[in-house]
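Here is the structure we will look at.
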Amino acid sequence: TGSSRPQRMLKAVQKNATKGDPKSVISAIDYYCRHKEWAMNVGDDKGLILDSVLTEVNPSTALELGTYCGYSSVRIARLLSPDSKLITIEFNPAFAAIARQIIAYAGLQDKVILVEGASGDLIPKMKERFGIKSFDFVFLDHWKDRYVPDTKLLEDCGLLKKGTVLLADNVICPGAPEYLKYVRNNPRYESRYYPSNLEYTKVEDGLEKSVFLE
Ligand SMILES: Nc1ncc2ncn(CCCCCNC(=O)c3cc(-c4ccc(F)cc4)cc(O)c3O)c2n1
Ligand SMILES: [Mg+2]
């Protein structure tokens with residue numbers, strides 16, 4: 001059996017990036033996925049929007065739903081302040097294994113806690129397992145039909161506080177129409193759409209930023 005796409009992505013990082021240099025890891029993945037084989041990383045265009053929102057929020061505790069190969073984990077963790085942490089949840093053990101190696105290659109393993117499992121099972125355990133009071137920032141990039149139930153779960157578990165920023169990938173492609181309806185018609189959120197394009201393509205996509213108001 002041959003290698004997988006995530007394994008080939010890891011090889012490209014090990015070949016073309018500099019160990020301990022997150023920027024070079026990000027560039028190596030973007031180059032590979034733009035010129036060799038597409039993969040569902042948030043990518044460089046939407047990545048710039050992610051960077052700017054992160055710089056504005058400067059979160060102490062961040063949560064990512066859907067790690068995949070760790071591209072956005074590296075993008076997020078590289079911008080965190082010294083004692084800040086990113087908890088990232090990945091369902092697929094094979095993806096998680098590659099992500100751990102890519103995050104470690106970038107030298108960010110001390111800022112990232114990768115947890116394997118389903119968001120619906122793990123979110124209720126965040127307080128007891130990781131001593132999280134609430135998240136300052138949440139990046140949603142997992143099953144698109146889990147965005148609404150998991151947002152409700154975060155609310156019900158008291159993991160959102162006034163000012164928490166939710167940033168959702170793929171609200172246009174593949175699309176998360178239920179999520180857009182939920183956050184845009186909800187007095188508890190202040191939402192804004194950032195137009196962009198699907199990673200490494202000209203197809204329209206974008207990020208929805210929603211601030212929790214109470
Ligand atoms: N509950 C739970 N908890 C934890 C979890 N960890 C992982 N998962 C499952 C996540 C499975 C991958 C999610 N991501 C996407 O599906 C995705 C797809 C495209 C895309 C694809 C084909 C096209 F033609 C166009 C666009 C682009 C993107 O940027 C995407 O992010 C979990 N689930
Ligand atoms: Mg995505």
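Indexing begins at 1, ligand by ligand and atom by atom, following the structure's order. For clarity, every value in this text was computed on a predicted model and none was experimentally measured.
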- Message: Tell me which one of K161, R188, K162 satisfies salt bridge (charged side-chain N to carboxylate O under 4.0 Å, His left out) with E214.
- Response: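 That would be R188.
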- Task: For atom 10 (C) of ligand 1, state which one of F95, W143, Y68 supplies the nearest heavy atom.
- Result: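 Looking at heavy atoms only, W143 sits closest to atom 10 (C) of ligand 1.
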- Query: Is the distance from the Mg ion (ligand 2) to the nearest N/O/S atom of E199 under 2.8 Å?
  - Reply: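 No - counting backbone and side chain alike, E199 has no N, O or S atom under 2.8 Å.
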- Query: For the Mg ion (ligand 2), does an N/O/S atom of M40 lie at less than 2.8 Å?
  - Reply: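 Of the N, O and S atoms in M40, none lies under 2.8 Å from the Mg ion (ligand 2), which means no.
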- Query: Where does D169 meet ligand 1, judged by heavy-atom distances below 4.0 Å: at the side chain, the backbone, both, or neither?
  - Reply: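 The answer is the side chain of D169.
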- Between E90 and ligand 1, which residue portion shows a heavy-atom distance shorter than 4.0 Å: side chain, backbone, both, or neither?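 Under 4.0 Å from ligand 1, E90 contributes backbone and side-chain atoms.
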- Query: Is there at least one pair of N or O atoms, one from K46 and one from ligand 1, spaced under 3.5 Å apart?
  - Reply: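 In this structure, K46 places no N or O atom under 3.5 Å from an N or O of ligand 1.
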- Closest approach of T67 and S73, non-hydrogen atoms and distance?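 Taking T67 first and S73 second, the nearest heavy atoms are CG2-OG, 3.4 Å.
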Looking only at side-chain N and O atoms, does [Y] offer a donor or acceptor that is under 3.5 Å from a partner on [X]?
X	Y	result
N16	Y32	no
S191	R184	no
Y68	E90	no
D45	N197	yes
N41	S72	no

- Message: Is it true that, when you exclude E190 itself, more than 12 heavy atoms of the residues, nucleotides or ligands shown sit nearer than 6.0 Å to its CD?
- Response: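 For E190, atom CD is not crowded (no more than 12 foreign heavy atoms under 6.0 Å).
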- Message: If you count every heavy atom of other residues, nucleotides or ligands that lies below 6.0 Å from N185 atom CG, does the total exceed 12?
- Response: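 More than 12 within 6.0 Å, yes.
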- Decide yes or no on side-chain contact (heavy atoms from CB on, under 4.5 Å) for Y179 and K144, but give the supporting numbers first. CA-CA 8 Å; Y179 179 75; K144 308 315 162 194; over 6 Å; no
- Protein heavy atoms: any of them under 4.0 Å from atom 24 (F) of ligand 1?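 Looking at atom 24 (F) of ligand 1, one finds that no protein heavy atom lies closer than 4.0 Å.
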Less than 4.0 Å is my threshold; does some heavy atom of [X] fall inside it relative to ligand 1?
X	answer
L65	no
L198	yes
G117	yes
P174	yes
W38	yes

- Message: Report the atom name of the nearest N/O/S atom of D169 relative to the Mg ion (ligand 2).
- Response: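 Result: OD2.
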Protein contact to [atom] [nearest heavy atom, distance to 0.1 Å]:
atom	result
atom 27 (C) of ligand 1	E199 OE2, 3.2 Å
atom 8 (N) of ligand 1	F91 CB, 3.7 Å
atom 12 (C) of ligand 1	M40 CE, 3.6 Å

- Atom indices of ligand 1, in the order listed, that fall short of 4.0 Å to a heavy atom of S119: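 Those atoms are 1 (N), 2 (C), 3 (N), 4 (C).
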- Taking only heavy atoms of D141, which atoms of ligand 1 are found under 4.0 Å from at least one of them?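 Those qualifying, in numeric order: 13 (C), 14 (N), 31 (O).
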- Task: Flag the pair E64 / L86 as yes when at least one side-chain heavy-atom distance between them is below 4.5 Å, and no otherwise.
- Result: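 SC-SC contact between E64 and L86 confirmed.
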